[in-house]
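The chains referred to below are lettered A, B, ... by the order of the sequence lines, with proteins before strands, and numbering in each begins at 1.
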Protein chains: 2
Amino acid sequence: MPGATAQTIRPFLWRASKLFPDREIVSRTAEGIRRSTYAEYEGRVAQLAGALEDAGIERGDRVATFCWNHDRHFETYFAIPSMGAQLHTINPLLPDHHIQYIVENAQDKIVFVDPSLAPKLEGAFDEGAFESVEQFVMMASEVPETGLEPVTDYETFVSDFDTEYDWPDLPEDQPAGMCYTSGTTGEPKGVEYTQQMMWAHTMATLPEAGLDIRSDDVIMPVVPMFHVNAWGLPFSCTAAGAKHVYPGPSPTPEDLAHLIEEEGVTMTAGVPTVWLGLLDYLDENDADISSLERIVIGGSAAPKSVIKRFDQEYDVEVVHAWGMTEMSPVGTIAHLKPGMEDLPLDEQYEKRGKQGLMVPGLEMRVVDDDGNEVPWNGEDFGELWVRGPWVTTEYFKRPDANEEDYVENWLKTGDVVTVDAEGYVKIVDRAKDVIKSGGEWISSLELENTLMGHDDVSEATVIGVPHERWQERPVAFIVPQAGADEDALKSDLVELVRAEFPKWWTPDEVVFIDEVPKTATGKFDKKVLRDQYDDSSLIEGKTPDEAAPDDD
Amino acid sequence: MPGATAQTIRPFLWRASKLFPDREIVSRTAEGIRRSTYAEYEGRVAQLAGALEDAGIERGDRVATFCWNHDRHFETYFAIPSMGAQLHTINPLLPDHHIQYIVENAQDKIVFVDPSLAPKLEGAFDEGAFESVEQFVMMASEVPETGLEPVTDYETFVSDFDTEYDWPDLPEDQPAGMCYTSGTTGEPKGVEYTQQMMWAHTMATLPEAGLDIRSDDVIMPVVPMFHVNAWGLPFSCTAAGAKHVYPGPSPTPEDLAHLIEEEGVTMTAGVPTVWLGLLDYLDENDADISSLERIVIGGSAAPKSVIKRFDQEYDVEVVHAWGMTEMSPVGTIAHLKPGMEDLPLDEQYEKRGKQGLMVPGLEMRVVDDDGNEVPWNGEDFGELWVRGPWVTTEYFKRPDANEEDYVENWLKTGDVVTVDAEGYVKIVDRAKDVIKSGGEWISSLELENTLMGHDDVSEATVIGVPHERWQERPVAFIVPQAGADEDALKSDLVELVRAEFPKWWTPDEVVFIDEVPKTATGKFDKKVLRDQYDDSSLIEGKTPDEAAPDDD
């Protein structure tokens, strides 16, 4: 059978350490900046692999991290997968019972823990929890007071081992990484990345159609390394031979501005709130961020105002991207196409505010309830399905979830989108939140965004309630600002919606409440509202404006 | 087992036709420029797949092309592999008996032939040849006078079929491409590319560390599409959504200059002689090639003068690349590293004249006769070994060649190289031509380049002849210019070598001959000379300058 050698990530490390030995890896710590190079990094990674082997880690074992973004965490990124084990990054922001479940489910044998996160991990400990864990390693040069045991510090853990390691030749389907995705309902679902998937994702992020990562880049991942491997940036950055800058635990906007200025950061990445914070800081303080060329924003939609401000005030391009844990994570990126740079600025921001274009290697379908593809007209809704060489085809030990989320290797993303004539994807809702009325779909998210725009609205959420004729009809739940006149507000809100959307999108009822129910992580919990209003009593006798779509 | 969907090239076609439907595919023909778009291309590719299926082509069958660079040839690039068959591009410049051997060895079922190449293929026909071929398809809208049969024309072949095709989901180890590499000795060796290898090679060429291919590029492959799939450019260009420009049969420098100017070509690629021709043309004629940003030069070493002239006179970057048929083909690329743009221009050209840096995903070793890695000091010689996800691990039906050319999945490239401290590879000789003297290696190629520099030398070649004490010693064979004084020339040449190389590199004898023996394709055939001088009679009694390396 013809073929080639396996796709594994180790050659990226080989290339960086041999071709870019002096490029730096910079890490912000409580004691200041710590610097090393790819040449030193390669030796440290070998030492760590030696230490893991000595600690009994074998091929296929899972090794967890419970850490912020720093150089030692980055050492685990290559050492664990390249010795044949599986890097499992745990999100320390999860509730305790999820952390317990995850460690138990993954059967992690060793956990690397940041000193600042040790209390959180201890707090999650309970009788019988963490039974699989044979060893905790504190990410420090000494062990602080802790109840975790047995425990050693990282420097002691690795110090006895050689700076060369006899790396195995791994098969490409070797599980190499693992993250859990937090469902809003049920237990977190384990997502595994093989060597091949990590390789393919890395290669896909490098070109212009991806994140355009170059050897002269200086890349600072602000997105946590426990969020889908910091969107894969530590791997991509290494493959390109770029300089790494890790912002350490809990960086403030001031820390980020200083790192950009002092290290010459050219590219950074994180969720929108981080960049809102940076803009606020820059408004009040002098900082030279002129080295910065682009910010990758993902996790949730980038406000157009942020895209515009960075462009106009700082000449920084906001690169809007979308992905999922199940996608390693990169799926779409909102680059402009050739020629679009001549469009009016507002239209450019409009395109760049969408989720964007599928990167090379992936395929997508956008399907309605009957499984038919919807037209690419920027208006018709459908659920986004994706597949490709870095999209998972199953969850870890969860056949129930597989059945729900996959159709013949297509991942049902759970996102409801439109696609415009140029192929730009725009998320309009989550599939479970979209309201199905008269055979057409209404975006709860777009209605909420409009309702939240009213000054007297503190929180707004919209759900579909069952309707005999129209299947579902929208009902808005509003937390008014203190002192608002509810009657006036109600008619204002109806007008607001009518002005922007087809008539049949108008909520049949506006209900004032004291608070929107929230999940453990602070997101709106529409499930609680849906359970409460799972009959049509709320809208009984109401005559909707026009509950079926018309032509306007 | 965790995993993702297979790596196949079809999603690149999907992406180009859906996201860049209006980007053009331009082809120079005898009747002028023919234009189409990715949207049209997708339909044509589907029609061709339908026609192939109808003609009885099944998964795994081999379908050959015998064509120059044009749009119809490009249609075979996606149609044949994506329906599950294997695209076999035949080099029409090969001698007849190699063409016969190749078609027989590959068992090609259909051959697509350019009308202008049909006489060559007919000429290669012999009693009993081409038995596997069921059908010839002439790349035209009508069939010219030909002895090939049965034969149809391309447009008739595809016209009855639908512009949509129900593409199969292929496994990633499905053989998808095939090229033969012409050994200087023995029969050509078949090299097979799987879907996965083509996918990986395409992804590897896209980033800055590769060929930096972007959606706004306009790419003209001058390298023939029968030379390792035009270095993979038709696939890479599609994955990026760039515009294609195919120069058609036998383009002159004038044709190339016009295409660059009229189509706005940003990147082109080919062997050095093409660009020497273009420079000569530009010297004598007005042509605006200002759209051109870079020229990828491979196949043989780019003269530094070419790199310099394009840079200084036309602001065009020459991107020197090296690869092999067995490597799909891209291996190294001579990009400058960050900071090197501050070096003196001559040093920059020096770096860019080397074969360059391994692209991400590959690994290399440079080994001496004992299999030990040689230091990266720009001086020590060793044979280059490579491996990676787009490097083959075997030849088609040639276990004998496998044993010779592979060591545990490492491809022994047969190239002797130095690697400098920055990791730039430089080819100094072919392994079979390097002269082994006193345990050290002498580059025949470097000696020849120096000898050829003398005005009175018309041709020069250097071989190693057996030597009792030193194993081998160099002997130079010189074809002098008419009227040269041989005695004076001989002592000139010895001086020339002594001035540039260690003393022990000096040839023990300089032999004047009328002509250097040549192979069928016009290359120097050192084997003939080596067979003639396989004893030490030529240098018997000679005392070499100093036949072992000293410290100078």
**Request:** Between chain B and each of A:Ala421, A:Pro389, A:Ala16, count heavy-atom pairs under 4.5 Å; write down the option with the most.
**Result:** A:Pro389

**Message:** Quick check for you: among A:Arg23, A:Met197, A:His335, A:Glu422, which has the greatest number of heavy-atom pairs under 4.5 Å with chain B?
**Reply:**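 Most pairs with chain B among the choices: A:Met197.
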
**Request:** Could you tell me whether the side chain of A:Pro2 reaches within less than 4.5 Å of the side chain of B:Tyr193, counting heavy atoms only?
**Result:** no

Counting only heavy atoms not in [X], do more than 12 sit closer than 6.0 Å to its [atom1] atom?
X: B:Glu408; atom1: CD; value: no
X: B:Asp166; atom1: CG; value: no
X: A:Glu373; atom1: CD; value: yes

Given heavy-atom pairs under 4.5 angstrom as the criterion, report whether the side chain, backbone, both or neither of [X] touches chain A.
X: B:Leu411; value: neither
X: B:Trp390; value: both
X: B:Val419; value: neither
X: B:Ser215; value: both

**Request:** With chain A as the partner chain, list the residues of residues 199-212 of chain B whose heavy atoms fall under 4.5 Å from it, by residue number, and write 'none' if nothing qualifies.
**Result:** B:Trp199, B:Ala200, B:Met203, B:Ala204, B:Leu206, B:Pro207, B:Glu208, B:Ala209, B:Asp212

What residue, out of [options], has the most heavy-atom pairs lying under 4.5 Å from chain A?
options: B:Gly423, B:Ala6, B:Gly361, B:Gly388; answer: B:Gly388
options: B:Gln7, B:Met364, B:Glu172, B:Glu394; answer: B:Gln7
options: B:Arg214, B:Glu192, B:Gln196; answer: B:Arg214
options: B:Ile213, B:Val359, B:Thr8; answer: B:Val359
options: B:Thr393, B:Val191, B:Asn409, B:Asp216; answer: B:Thr393

**Message:** Quick test of your reading of the model: are B:Arg10 and A:Glu363 salt-bridged, counting only N-O distances below 4.0 Å?
**Reply:**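 Yes, this pair counts.
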
**Request:** Inspect the contact between A:Asp169 and B:Arg387 and indicate whether a charged nitrogen and a carboxylate oxygen are less than 4.0 angstrom apart.
**Result:**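 Looking at A:Asp169 together with B:Arg387, the answer is yes, because their closest N to O distance falls below 4.0 Å.
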
**Item:** Interchain contact, A:Trp376 with chain B, by part (heavy-atom threshold 4.5 Å)
**Value:**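 Looking at A:Trp376, just its side chain touches chain B.
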
**Prompt:** Checking A:Arg15 against chain B: side chain, backbone, both or neither under 4.5 Å from a heavy atom?
**Reply:**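 Side chain of A:Arg15 only, per the 4.5 Å heavy-atom cut-off to chain B.
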
**Request:** Please identify each residue that fulfils salt bridge (Lys or Arg N to Asp or Glu O under 4.0 Å) with B:Lys18, with sequence neighbours left out.
**Result:**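 Only B:Glu42 meet the salt bridge (Lys or Arg N to Asp or Glu O under 4.0 Å) criterion with B:Lys18.
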
**Request:** Might you point out which heavy atoms bring A:Pro11 and B:Leu362 nearest each other, and give the distance in Å?
**Result:** CB-O, 4.2 Å

**Request:** Residue by residue, scan residues 237-245 of chain A and write down, ordered by number, those that have a heavy-atom distance under 4.5 Å to chain B; if none do, write 'none'.
**Result:**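 Near chain B, by residue number: A:Ala239.
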
**Item:** Residues of residues 173-180 of chain A within contact distance of chain B, non-hydrogen under 4.5 Å
**Value:**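 Against chain B, the residues of residues 173-180 of chain A that fall inside the cut-off (heavy atoms, under 4.5 Å) are A:Asp173, A:Pro175.
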
